[in-house]
Amino acid sequence: MTHNDLVAFYAPRLDALDDPALLLDDDGAVLYANKPARLLCGAGRDAGPGTETQRETPDMSAPVGPTPAHGWRHEEVPPAPQGGAPVRESRTRITLPDGAGIRQISWTCVAVPVPGTRKDEDGDEGRDTRGGRGVAPDVAKGAGRGMAEGAGGIAGTAVVTDADTDSENDRSKGAGKIADGSAQAVAPPRIVHLAWGRLRTTEGGQEMGFTILPNGVIQAVSPALCAICGYTQDELVGRSAREFYFTSTARKRIVSQLIKRTEVENGEVTLRRKDGSPLTLWYTAESIRDAAGRMVAYSGYFQERPFAFSSKLASDFSRVVDALPGLAWVCGRDLRIAAVNDAYLAAYGRTRDEVMGRTEYDFLPPELARYPVEAALKVFDEKRELEHPAVPHLLDPSVWYRVIRRPIFDDNRQEVIGLLGIAQDISAKVVQENAFIEQLHTHQGDVVVVTDDQGRILRRSRQTLTPAIFGRQEPYDAYTLDMGPVLDLLHEGDLPAVRQALLRAMREHREQHFECRIRNLSGSYSTVHSRLVYNDTIYGEPRVYVVARDVSGEVGLRQAPMVLERLKDAAGARTDRELALFLNVSAASISNARKNGRVPPDWLIDAGLRTGRSIDWLVKGVTLA
């Protein structure tokens with residue numbers, strides 16, 4: 001049988017498959033690629049197997065080696081079975097034609113003997129011994145029967161009859177001849193290989209595809225994805241992918257899933273368009289590794305899907321939000337408003353038509369809309385209620401709200417389909433609390449952090465420590481202040497003492513003083529002096545106000561050798577002996593104080609009273625205002 005005969009027989013069977021499929025000769029060269037395979041490698045949608053593709057196609061009139069055929073490069077073609085095995089499973093990487101980078105294909109390749117081949121010199125009939133790729137006819141037939149289900153019965157047709165060949169002559173001509181019909185220069189193959197692949201795709205590799213390197217840099221992105229996000233390819237390729245997630249937690253979650261499971265199907269993520277607005281998409285992605293198991297890239301594609309629960313949310317919650325006090329609204333997982341009450345519309349100065357079915361980005365300034373959007377995404381991602389104890393109104397900072405966002409689950413209580421938001425005006429209480437916080441500032445540089453009875457951070461004053469604990473102060477940073485426990489910021493060695501101080505403040509309603517180490521944004525720890533003040537009169541609920549002052553610079557000054565030097569300075573003494581005479585103690589006592597790292601308080605009080613020097617200066621080297 002000639003190459004043309006084989007193509008004529010197998011072409012219609014390969015074309016019946018929805019997945020990419022290839023017919024390979026005994027040297028592994030591509031004889032025929034079905035339509036899905038041609039589209040993957042850049043062939044036109046209506047192109048036949050004989051037409052040119054975007055990649056160079058070799059002359060198929062003679063046996064071919066590892067050169068491109070039907071757009072398929074040698075490294076993209078699955079390897080044939082070896083060592084007498086009838087079947088080989090493998091994976092190869094291909095470069096997508098739309099510029100979206102690389103994608104991985106899982107292949108099944110079956111060796112099929114060709115009938116009518118002559119005996120070789122050793123008398124083995126039907127066995128191909130070239131390159132170690134051949135298998136015995138009976139083995140290949142068995143493989144064909146075993147794989148027939150998975151490949152649509154292709155391999156099961158391994159025995160090709162002359163009648164079958166004659167009936168497909170017209171097909172051979174339409175598909176483009178591999179030889180000129182005479183086959184005079186082409187030796188008939190003794191074994192062919194059928195390969196069919198499984199590729200994660202919805203549109204034959206023409207989706208909103210992407211390829212991201214392990215370091216997070218975008219290697220390739222399709223024009224379709226660029227268009228929907230408002231970028232050009234040059235604006236995306238080479239930049240870090242983290243810049244285009246709407247929240248950093250989404251990126252961490254996706255990368256963690258890919259490392260753990262190697263692939264994610266039907267995941268959800270919200271990207272940031274060029275204009276700053278959110279774009280919620282579904283994604284399918286996989287981690288691509290080399291032969292040694294090293295990560296090469298993350299590859300996949302995005303899809304747009306209609307949100308199916310908008311009408312359900314509107315019908316279920318329209319009356320609910322109307323009955324709630326204060327501002328109330330419901331938005332879907334797609335971030336679009338499904339229900340609002342009149343108080344919400346009045347607060348933002350909008351009509352119902354201007355709000356319903358839209359996101360906050362459609363009726364708020366973009367630089368402000370990101371705060372409620374990020375809060376909503378946090379609820380969706382973590383599937384839990386999110387409370388902001390005190391946040392300013394986005395359009396009028398003099399108005400303050402307590403905002404609660406509660407997740408709305410589907411009927412099975414499995415997936416979050418939206419959220420219910422409630423905002424209560426607390427402006428008068430905030431004014432009262434601000435006045436109380438100002439009274440707590442006894443020294444310049446004091447920072448006040450407000451916690452509830454569980455130690456969760458509710459608010460903080462505008463002042464900040466250096467290095468900063470919470471980051472750069474922003475006008476609306478109350479929206480980004482997570483209600484995390486204040487204890488999470490402390491050095492583990494200080495936790496027992498701080499816990500005891502908090503409990504005493506709550507139980508006894510008395511001020512507590514202590515020093516502790518707190519983690520700053522530079523990754524190191526600052527030593528702060530803390531004062532705990534209990535108050536439950538403003539909101540009618542217990543709150544603890546933590547007044548913190550950075551004393552890191554004083555730690556070294558409070559060491560015993562430094563304190564003794566200041567005592568000498570105050571007493572006018574030049575030596576330890578002279579200081580001992582001044583304090584009426586032995587010279588050995590001075591030496592022991594330096595050695596043990598502790599200066600008796602009586603010495604400090606005595607020196608302060610006799611010299612007029614401040615106790616603060618003697619102990620810390622500074623005089624507090």
Side-chain angles (χ1 to χ4, degrees), residues 309-333 335-360 362-364 368-369 371-380 382-409 416-436 450-454 456-459 476 478-483 535-543:
F309 295 98
S310 298
S311 58
K312 174 179 173 58
L313 291 172
S315 62
D316 290 353
F317 287 94
S318 292
R319 293 185 178 180
V320 173
V321 297
D322 287 339
L324 291 173
L327 282 62
W329 70 98
V330 170
C331 75
R333 189 72 184 251
L335 301 173
R336 298 186 180 279
I337 302 295
V340 294
N341 64 3
D342 291 338
Y344 183 96
L345 298 174
Y348 290 102
R350 297 288 179 175
T351 65
R352 195 168 295 273
D353 289 341
E354 292 175 322
V355 171
M356 294 295 294
R358 304 177 185 275
T359 71
E360 280 96 345
D362 296 323
F363 56 86
L364 289 175
L368 300 179
Y371 295 111
V373 169
E374 288 176 357
L377 292 175
K378 188 177 183 66
V379 173
F380 298 152
E382 300 182 5
K383 299 182 180 181
R384 66 175 179 88
E385 178 179 291
L386 177 64
E387 179 182 356
H388 285 116
V391 292
H393 183 15
L394 292 172
L395 300 183
D396 184 1
S398 65
V399 179
W400 286 74
Y401 295 107
R402 168 180 282 179
V403 182
I404 298 177
R405 291 177 171 86
R406 294 173 178 165
I408 301 173
F409 289 87
V416 177
I417 62 174
L419 67 80
L420 169 64
I422 304 172
Q424 178 187 5
D425 192 331
I426 57 169
S427 302
K429 295 183 182 299
V430 169
V431 170
Q432 186 180 354
E433 185 175 59
N434 288 342
F436 180 71
V450 185
T451 73
D452 62 8
D453 57 351
Q454 300 179 42
R456 297 180 302 176
I457 300 174
L458 306 179
R459 289 188 67 194
Y476 296 94
Y479 283 92
T480 63
L481 185 64
D482 192 6
M483 289 182 60
N535 189 315
D536 59 2
T537 61
I538 299 175
Y539 290 93
E541 59 188 32
R543 292 194 173 189

Identify the heavy atoms of [X] and [Y] that sit nearest to each other, and give their distance.
X	Y	answer
Gly326	Ala343	O-CB, 3.3 Å
Ser310	Ala338	O-CB, 4.2 Å
Pro372	Leu364	CG-CD1, 4.5 Å
Leu386	Val379	CB-CG2, 3.8 Å
Arg336	Thr359	CG-CG2, 3.9 Å
Leu420	Leu324	CD1-CD1, 4.2 Å

Here the side chain to side chain donor-acceptor pair (under 3.5 Å) pairs for residues 342-351, sequence neighbours left out, are Asp342-Arg352, Thr351-Glu354
* Asked: Taking only residues at least two apart or on different chains, which pairs with a member in residues 323-333 satisfy side chain to side chain donor-acceptor pair (under 3.5 Å)?
  ->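 Of all non-adjacent pairs touching residues 323-333, those that pass side chain to side chain donor-acceptor pair (under 3.5 Å) are Glu268-Arg333.
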Check: Sub-3.5 Å donor-acceptor pair from the side chain of Asn341 to the main-chain atoms of Ala328, do we have one?
Finding: yes
Less than 3.5 Å apart, which donor and acceptor atoms pair up between the side chains of residues 421-429 and the rest of the protein, not counting sequence neighbours?
| residue | atom | partner | partner atom | Å |
| --- | --- | --- | --- | --- |
| Asp425 | OD1 | Ser427 | N | 2.9 |
| Asp425 | OD1 | Ser427 | OG | 2.7 |
| Ser427 | OG | Trp400 | N | 2.9 |
| Lys429 | NZ | Ile538 | O | 3.3 |

Do [X] and [Y] have side chains that approach each other closer than 4.5 Å (heavy atoms only, starting at C-beta)?
X	Y	result
Val450	Pro389	no
Ile337	Cys331	yes
Phe380	Lys383	no
Val330	Asp316	no
Ile404	Glu387	yes

Drop me the distance from [X]'s [atom1] to [Y]'s [atom2], to the nearest 0.5 angstrom.
X	Y	atom1	atom2	answer
Asp362	Met356	CG	CE	13.0 Å
Thr537	Arg543	OG1	CZ	11.0 Å
Phe363	Leu345	CZ	CG	8.5 Å

Please lay out, stage by stage, how Leu394 and Glu360 fare under the test side-chain contact (heavy atoms from CB on, under 4.5 Å). CA-CA 11 Å; Leu394 292 172; Glu360 280 96 345; over 6 Å; no
